[in-house]
Amino acid sequence: PYLKAKAPHGGAELGGSVAPDGERLVVGATGDGAGAAYVFERQNGAWSRVKQLRPDADAGNAQKFGYAVALSGETIAVGASGESSQVADSGAVYVFNRGAGEWAKQVKLKAKGAGPLDWFGSSLALSGDWLASSATGEFTDRVTGTGVLHVFKRSGDTWQETQRLGPRDASGCGFFGQVVALSESTLATTCWTASSERPAGAVYLYERGADGMYLPGSVLTSASAQSGDLFGRSLALSGDSLLIGAPGERSAGQGIGGRAPGTLEQSGAAYLFTHQGDAWHELVRIKAPVPAAQDGFGNSVALGGSELMFI
């Protein structure tokens, strides 16, 4: 089956962002007015639409509400990277909670020191009482490049920003944090645009310490990755498994671990890493069963238990 909005229309862009969790699914539609997010639930094998979420009416008609969505249990986070209530295109994140069977807005979060064209809310990850959201247009203090991750912690009904993370390489990383994932105490994010030090792209890991602060961990690349692979264009993190998409990868291999001579430009690949002991290790490279040039395999990835999904 396929899922549609209550009143679909041209330009709504339903499906631009998707977040699943068990029998529930949240789907963003940035072009539906100021934006919308739709909640779907599965009962007895059938999916039905149960709620339409909307942004505040006073924050502008070009909020891009639904640009990113995240779902964890009874909490939904929706990014509105174009929200302009304080500063133009500074962005915001709306948090909704489900109580007594109904979804209601809990809070609208703004990043500390929000500036114009920061685009806070461009990506989201939510795990329990922890939320991470990128401001992909925000300039960092440490490197020449853009992108900052803002980390929030919930205590009771209150969310508080606890940390601001930027790129760790002075290599011209662009759009740091464009993709982010959270699982238990691990945070993963990417710099998939080419830089002088990591031309294929990279995935940065952080581990949450006992004091609640995220500390720098491993920086992951692949031994076979090349310039322009867009390694880290997509991420999926679940427990000790991390799936990384590289839609610009150009090898001619097929399937799981397949190798073959020749190249297929931008056929794409995904890499599965596992955490063993104190380190992350590349387990296998995965290609489409029949790869073709320009396929962009790995542009989106997902992990669900023992199942992998690629687009």
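The first residue in the sequence is number 1, and the count goes up from there.
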Would you say S134 and L149 make side-chain contact, with heavy atoms under 4.5 Å?
-> yes
Out of curiosity, does V179 fall in the hydrophobic cluster containing L220 (side-chain heavy atoms, cut-off under 4.5 Å, transitive links)?
-> yes
So if you build clusters from Ile, Leu, Val, Met, Phe, Trp, Tyr with side-chain heavy-atom gaps below 4.5 Å, do L303 and I256 land together?
-> yes
Answer yes or no: is there an ion pair linking R285 with E249, defined by an N-O contact shorter than 4.0 Å?
-> yes
Would T190 and L235 satisfy side-chain contact (heavy atoms from CB on, under 4.5 Å), going step by step from the backbone distance to the final call?
-> CA-CA 8 Å; T190 68; L235 285 177; 3.4 Å; yes
Does the D295 side chain pair with the main chain of A292, one donor and one acceptor, at a distance under 3.5 Å?
-> yes
Could you please spell out the steps behind the salt bridge (Lys or Arg N to Asp or Glu O under 4.0 Å) verdict for E102 and K51?
-> CA-CA 9 Å; E102 182 64 24; K51 186 68 175 181; 2.7 Å; yes
Under a 4.5 Å cut-off applied to non-hydrogen side-chain atoms, are V148 and T136 in contact?
-> no
Side chain to side chain contact (heavy atoms under 4.5 Å, CB included) with L71: which of V18, L25, I76, V78?
-> I76
Give me the ring orientation class for W130 and Y214: parallel if the planes are under 30° apart, tilted from 30 to 60°, perpendicular past 60°.
-> perpendicular
In the single-linkage hydrophobic clustering (I, L, V, M, F, W, Y; side-chain heavy atoms under 4.5 Å), do Y271 and L205 co-cluster?
-> yes
Atom OH of Y67: over 12 foreign heavy atoms under 6.0 Å | no
side-chain contact (heavy atoms from CB on, under 4.5 Å) between Q43 and S48, worked out | CA-CA 8 Å; Q43 295 182 347; S48 61; 5.6 Å; no
Give the intermediate values and the outcome of salt bridge (Lys or Arg N to Asp or Glu O under 4.0 Å) for residues K64 and D89.
-> CA-CA 10 Å; K64 295 185 179 178; D89 293 312; over 6 Å; no
Are the side chain of D229 and the backbone of Q226 linked by a donor-acceptor contact shorter than 3.5 Å?
-> yes
Hey, could you give me each pair passing salt bridge (charged side-chain N to carboxylate O under 4.0 Å, His left out) that has a residue in residues 68-82? Not counting sequence neighbours.
-> R24-E74, E74-R98
Between the NZ atom in K105 and the CZ atom in R54, the distance rounded to the nearest 0.5 Å is 14.5 Å
All heavy atoms of S218 vs all of W280, minimum pair found to be OG-CD1, 4.3 Å
Measure the OG-CD distance between S155 and Q160 for me, rounded to the nearest 0.5 Å.
-> 8.5 Å
Has K153 got its NZ or CZ under 6.0 Å from the middle of the six-membered ring of W159, at an angle within 45 degrees of the ring axis?
-> no
Identify the heavy atoms of A37 and V26 that sit nearest to each other, and give their distance.
-> CB-CG1, 4.2 Å
Please examine the side chains of L237 and T186, heavy atoms only from C-beta on, and report whether any two atoms are closer than 4.5 Å.
-> yes
Distance-only polar pair, side chains of N97 and T75, donor-acceptor under 3.5 Å | yes
Beyond-backbone contact of Q254 with P291, side-chain heavy atoms, under 4.5 angstrom = yes
Can you find a heavy atom in the side chain of D118 that is under 4.5 Å from one in the side chain of V87?
-> no
Give the intermediate values and the outcome of side-chain contact (heavy atoms from CB on, under 4.5 Å) for residues S241 and F273.
-> CA-CA 6 Å; S241 297; F273 285 75; over 6 Å; no
Between Y38 and F40, how do the two ring planes meet: parallel, tilted or perpendicular, split at 30° and 60°?
-> tilted
May I ask you to check whether E83 and S81 show a side-chain donor-acceptor distance below 3.5 Å?
-> no
Taking the six-membered ring for Trp and the single ring otherwise, decide whether the centroids of F120 and H150 are under 6.0 Å apart.
-> yes
Got a second to check how far Q52's CD is from W103's CH2, nearest 0.5 Å?
-> 15.0 Å
Which atom of A302 lies closest to which atom of L243, heavy atoms considered | O-CD2, 3.8 Å
Gap between atom OG of S222 and atom CZ of F231 - 0.5 Å precision = 6.0 Å
Flag for Q178-S123: side-chain donor and acceptor within less than 3.5 Å | no
Just wondering, more than 12 heavy atoms not from L215 lying within 6.0 Å of its CG?
-> yes
Do you know which two heavy atoms are closest between V93 and A77, and how far apart they sit?
-> CG1-CB, 4.1 Å
Step by step, would you call K110 with E161 a salt bridge (Lys or Arg N to Asp or Glu O under 4.0 Å)?
-> CA-CA 9 Å; K110 298 284 287 185; E161 184 173 343; over 6 Å; no
Is any side-chain heavy atom of E138 closer than 4.5 Å to a side-chain heavy atom of R164?
-> yes
Is any side-chain heavy atom of L53 less than 4.5 Å from a side-chain heavy atom of V39?
-> yes
For the pair T263 (side chain) and E265 (backbone), establish whether a donor and an acceptor sit closer than 3.5 Å, ignoring hydrogens and angles.
-> no
Under a 4.5 Å cut-off applied to non-hydrogen side-chain atoms, are V219 and V203 in contact?
-> no
Would you say F96 and V107 are hydrophobically clustered, going by side-chain heavy atoms of ILVMFWY under 4.5 Å?
-> no
Do Q276 and T274 have side-chain N/O donor and acceptor atoms under 3.5 Å apart?
-> yes
Donor-acceptor under 3.5 Å (Y206 side chain, S185 main chain) | no
Taking only residues two or more places apart in sequence, or in another chain, which ones meet R154 in a salt bridge (charged side-chain N to carboxylate O under 4.0 Å, His left out)?
-> D129
Minimum heavy-atom separation for G66 to T30, with atom names?
-> C-CG2, 3.5 Å
Does CG in D278 sit with more than 12 non-hydrogen atoms of other residues, nucleotides or ligands closer than 6.0 Å?
-> no
Check the pair M213 / R208 against side-chain contact (heavy atoms from CB on, under 4.5 Å), numbers first and verdict last.
-> CA-CA 5 Å; M213 302 300 287; R208 190 172 70 240; over 6 Å; no
Is it true that a side-chain atom of S90 and a backbone atom of G115 form a donor plus acceptor pair closer than 3.5 Å?
-> no
Minimum heavy-atom separation for L182 to A125, with atom names?
-> CD1-O, 3.5 Å
If Ile, Leu, Val, Met, Phe, Trp and Tyr residues are connected whenever their side-chain heavy atoms lie under 4.5 Å apart, and connections chain through other members, are I286 and L283 in the same group?
-> yes
